[in-house]
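Beneath this line is the structure, given in structure tokens, with notes to follow.
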Amino acid sequence: MIDDAAPRVLRPRALRPTDLVVVAALSGPLHAEYEPDLERAEAVLRGMGFRVRRAPLLQAGRHRWWSVARPDEIADELNGLLRDPEVRAIVGHDGGQTVLGYLDRIDTAAVVADPKPILGYSDISLLHLALYGRTGLVGFHADLATPGLGAAWAAAPAGRRAELERLYRKLLTDPAPLGALPASPAWECWRPGRAEGPLVGGVINRIALNQATAYALPPERFDGAVLFWEEIGGRAAYLWSYLHVLRHAGILDRIAGMVVGIPLAIDGLGAPGDPALSEIVLDVLGDRDIPVLGNVEFGHAGPNLPMPVGVRAALDAGRRTLELLESAVT
């Protein structure tokens with residue numbers, strides 16, 4: 001276990017050309033019909049200049065219940081990757097419902113000894129949050145391999161794919177701030193204002209779940225933070241409830257700003273008589289005077305802009321800008 005003297009921010013070494021990136025099943029299985037998407041994801045990573053390998057558990061058709069394997073098997077494989085000096089980054093193949101089963105089995109000493117980028121979102125949000133809380137590791141909330149790099153990127157216009165590839169290559173290889181994320185007309189100012197602080201977030205249900213465990217982020221990790229979150233599935237009322245969980249935990253009183261991703265497949269949102277997501281957010285925030293930027297492209301709704309956990313960002317909701325002020329790597 002890592003004690004409270006762990007560094008506040010632990011940045012991995014910047015990747016170099018021909019470094020090895022391993023795609024691993026950190027949660028759900030690989031269904032055979034998505035093999036072409038995974039192959040496209042591997043091609044994207046090779047196009048960035050990296051060597052690519054699949055971890056052994058990542059085999060089409062292999063599964064145990066809703067997961068790729070037992071939690072202890074997944075943890076053993078992840079720990080092997082964390083300890084292997086040849087492996088320089090780990091990309092989650094997909095999300096799912098498994099990471100809660102092995103948070104207590106992760107070799108945090110290996111993370112501190114040789115910090116590596118772990119890329120993914122959805123269930124992988126738990127890894128980012130728990131490791132950031134325990135070790136200070138920057139979490140790469142970014143596209144998963146199969147549904148993201150392989151599927152969502154392939155469906156995006158060529159210009160957007162090229163833009164994302166430049167962003168991800170710089171994110172992983174350049175020890176300089178990424179700078180302003182490319183804004184789109186979809187971005188909305190839900191409450192104006194400016195804020196500057198470390199990015200902290202993920203899927204909102206995973207943020208709430210993690211805070212109910214021994215791997216909860218210490219409250220001070222939220223002091224002055226820019227909280228980002230997104231969600232897929234469920235009901236609008238669940239989002240309202242998760243936000244109230246964060247309110248009861250005191251998190252909303254500590255953060256400096258909020259960035260909300262594009263919701264996907266949420267029942268009871270935006271139809272006649274239903275609230276808009278902005279109304280739900282502002283209802284829970286009440287009179288807390290913090291800037292809120294909505295409909296930003298990260299999470300389940302499409303190709304992800306990278307949101308590195310622990311990296312300082314500048315938010316100007318009125319101008320609809322979000323800038324990364326620090327590098328995610330060193």
Side-chain angles (χ1 to χ4, degrees), residues 21-46 50 52-78 80-82 87 89-103 106 116-131 139-156 164 168 202-207 209-210 230-234 261-265 297-307 309:
V21 175
V22 173
V23 181
L26 302 177
S27 187
L30 171 62
H31 300 288
E33 61 266 33
Y34 297 122
E35 172 69 29
D37 293 334
L38 180 54
E39 291 174 359
R40 280 191 292 268
E42 292 168 325
V44 167
L45 292 167
R46 292 191 188 97
F50 308 127
V52 182
R53 179 188 302 164
R54 294 188 193 185
L57 288 178
L58 187 52
Q59 302 171 19
R62 179 187 179 119
H63 69 94
R64 191 242 184 193
W65 297 350
W66 48 81
S67 302
V68 71
R70 297 191 316 270
D72 62 303
E73 293 177 298
I74 300 174
D76 286 347
E77 182 160 281
L78 174 59
L81 299 175
L82 294 172
V87 177
I90 302 164
V91 181
H93 133 70
D94 201 352
Q97 298 285 340
T98 309
V99 176
L100 276 171
Y102 65 84
L103 284 181
I106 300 172
K116 304 170 184 183
I118 301 174
L119 278 70
Y121 63 93
S122 196
D123 200 29
I124 313 307
S125 295
L126 285 164
L127 290 179
H128 301 326
L129 293 167
L131 293 177
F140 289 68
H141 187 283
D143 265 312
L144 293 155
T146 304
L149 303 178
W153 284 33
L164 289 167
Y168 276 59
V203 181
I204 193 169
N205 71 71
R206 293 304 195 265
I207 300 172
L209 286 170
N210 187 66
E230 55 97 11
E231 183 61 292
I232 179 176
I262 300 171
L264 182 65
E297 295 91 349
F298 63 87
H300 289 83
N304 273 252
L305 294 175
M307 302 287 282
V309 174

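Only a predicted model underlies this, so the values are computations on that prediction, with no experimental measurement involved. Both backbone and side-chain heavy atoms feed into the values below; hydrogens, waters and symmetry mates do not.
Taking every heavy atom of both residues into account, Glu77 and Ala55 meet most closely at OE2-CB, 3.1 Å. When all heavy atoms of Ser125 and Gly202 are compared, the pair lying nearest together is OG-CA, 3.5 Å. Scanning both residues, Pro303 and Leu164, for their nearest heavy atoms gives CB-CD1, 3.4 Å.
Under the ring pair (Phe, Tyr, Trp, His ring centres under 6.0 Å) criterion, Phe50 pairs with no residue at all, not counting sequence neighbours. For Glu297, the side-chain contact (heavy atoms from CB on, under 4.5 Å) criterion is met by Arg160, Ser184, Ala186, Trp187, Ile262, Leu305, not counting sequence neighbours. Residues passing the side chain to side chain donor-acceptor pair (under 3.5 Å) test with His93 are Thr146, sequence neighbours excluded. Annotation: side-chain contact (heavy atoms from CB on, under 4.5 Å) contacts of Ile106 (sequence neighbours excluded): Leu78, Asn79, Leu82, Tyr102, Leu103, Leu127, Leu131. Arg70 meets the salt bridge (Lys or Arg N to Asp or Glu O under 4.0 Å) test with Asp72, Glu73; sequence neighbours excluded.
Atom CG of Asn304 is separated from atom OG of Ser122 by 10.0 Å, given to the nearest 0.5 angstrom. The line from CG of Asp94 to CG of Leu58 is 10.0 Å long, rounded to the nearest 0.5 Å. For the atom pair Asp143 CG and Leu119 CG, the distance stands at 9.0 Å (nearest 0.5 Å). Going from atom OH of Tyr168 over to atom CH2 of Trp153 covers 5.5 Å, rounded to the nearest 0.5 Å.
With a 4.5 Å cut-off on side-chain heavy atoms, Val52 and Arg46 count as touching. In this structure the side chain of Leu149 never reaches within 4.5 angstrom of the side chain of Leu144, judged on heavy atoms. A heavy-atom distance below 4.5 Å is not found between the side chains of Ile204 and Glu230.
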Review point. Could you go step by step and tell me if Leu100 and Leu209 meet the side chain to side chain contact (heavy atoms under 4.5 Å, CB included) rule?
Key: CA-CA 9 Å; Leu100 276 171; Leu209 286 170; 4.2 Å; yes
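Using a distance-only test at 3.5 Å, with no hydrogens or angles considered, a donor-acceptor pair links the side chain of Lys116 to the main chain of Val87. Not a single donor-acceptor pair under 3.5 Å links the side chain of Asn205 to the backbone N or O of Val203. Without hydrogens or angle criteria, Glu42 side chain to Arg53 main chain gives no donor-acceptor distance under 3.5 Å. Asn210 contributes no side-chain N or O that, together with a main-chain N or O of Leu126, makes up a donor-acceptor pair within less than 3.5 Å.
Using a 30° and 60° split on the angle between ring planes, Tyr121 and His141 fall in the tilted class, from 30° to 60°.
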Distance-only check: which donor-acceptor pairs under 3.5 Å involve side-chain atoms of residues 23-40, not counting sequence neighbours?
unit_1	atom_1	unit_2	atom_2	d
Ser27	OG	Gln97	N	3.2
Ser27	OG	Thr98	N	3.3
Ser27	OG	Asp123	OD2	2.7
Glu35	OE1	Arg54	NH1	3.2
Glu35	OE2	Arg54	NH1	3.3
Glu35	OE2	Arg54	NH2	2.6
Asp37	OD1	Arg40	NH2	2.2
Arg40	NE	Gly150	O	3.0

